[in-house]
Colleague: 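This is the structure, below, for whatever I ask next.
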Amino acid sequence: MRARHGAVATDALSAPVPLVLIVEDEKDLAALLELNLSQAGFEARVTHSGAEGLRLAAEVTPELVLLDLNLPDLSGLDVCRQLRVSTATRSIPVVMLTARSDERDRVSGFESGADDYVVKPFSIRELVLRLRAVLRRTSAEDESRPPVVAGIIRLEPAMHRCFIGGEEVHLTQLEFRLLHHLSSRVDRVQTREVLLEQVWGLSTALETRTVDTHVMRLRDKLGPARDYLQTVRGVGYRLVIPEEAARAAR
Ligand code: CA
């Protein structure tokens, strides 16, 4: 996070003020969000269209994008996918706002690369807590952290890059953190609750199915390393290095 010129810090003079880009076509709600997020110590910038949201995200590189799912021009899912494709915006966390709450929308939101999901109507307090949690876990990704190698998996936290057998695989922020957490703890089972707390930054009882959804997506992306990610039934997940990969590395 960076300190921003002209922004008033809430506590210490040097405290960074995270910029949140709000992409929401309901003008009353957008104005309400802008006001409340400013009061909560964020710098807020508003746009009412998906295309403008994409342009602004690349131009101002906010710390976070708060993205409405139902926009008049592009769908929020398309905006999110496009943010994930561009190198300039790939690592900006996205929190989706939606009036819908069924599982299919939630899953497609995560598939498009969203980091979290807030269903309307929501309380501003809950939203602020979610945004802070997302920012906490993304800023916790220390850029000086060394690469992690587990068998054919190689993670470079500084560049936010993942390689499987030398081939780059594009992961969302969340998938990257999940894989980093597991790869740094080879053979050690991690419960869903621990993963929610350590990877999502949430200590609240968000449905543990969220973890399952992400692990499935991540496993699909791992290709030749998909068997590394093991389900430990009734407990959680762990990353293992198959014997032949371990032998090859010796
Ligand atoms: Ca809308």
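Everything numeric here is computed off the predicted structure, so don't read it as measured data. Note that ligands are numbered from 1 as they come in the structure, with each ligand's atoms numbered from 1 the same way. Hydrogens, waters and symmetry mates are skipped; everything else that's a heavy atom, side chains included, is used.
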Colleague: Is the shortest distance from a Lys or Arg side-chain nitrogen in Arg154 or Glu156 to a carboxylate oxygen in the other one below 4.0 Å?
Modeller: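 Answer for the salt bridge query: yes.
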Colleague: About how large, to 10 degrees, is the angle OD1 of Asp25, then the Ca ion (ligand 1), then O of Asn70?
Modeller: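 That angle works out to 80° after rounding to 10°.
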Colleague: Taking Val94's backbone N and O only, do any of them form a donor-acceptor pair with Asp115's side chain (distance below 3.5 Å, no angle check)?
Modeller: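 Judged by distance alone, yes, a pair lies under 3.5 Å.
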Colleague: Does Arg45 have more than 12 heavy atoms from other residues, nucleotides or ligands lying within 6.0 Å of its CZ?
Modeller: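 At most 12 heavy atoms, drawn from other residues, nucleotides or ligands, come within 6.0 Å of this atom.
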Colleague: So, Glu24 and the Ca ion (ligand 1): N/O/S under 3.0 Å, yes or no?
Modeller: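 Glu24 does not place any N, O or S atom closer than 3.0 Å to the Ca ion (ligand 1).
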Colleague: May I ask you to check if any N/O/S atom from Asp68 comes under 3.0 Å of the Ca ion (ligand 1)?
Modeller: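 An N, O or S atom of Asp68 is closer than 3.0 Å to the Ca ion (ligand 1), so yes.
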Colleague: Output, in order, the C-alpha distance, side-chain angles, deciding distance and verdict of salt bridge (charged side-chain N to carboxylate O under 4.0 Å, His left out) for Arg238 and Asp187.
Modeller: CA-CA 6 Å; Arg238 74 175 157 211; Asp187 293 337; 5.9 Å; no
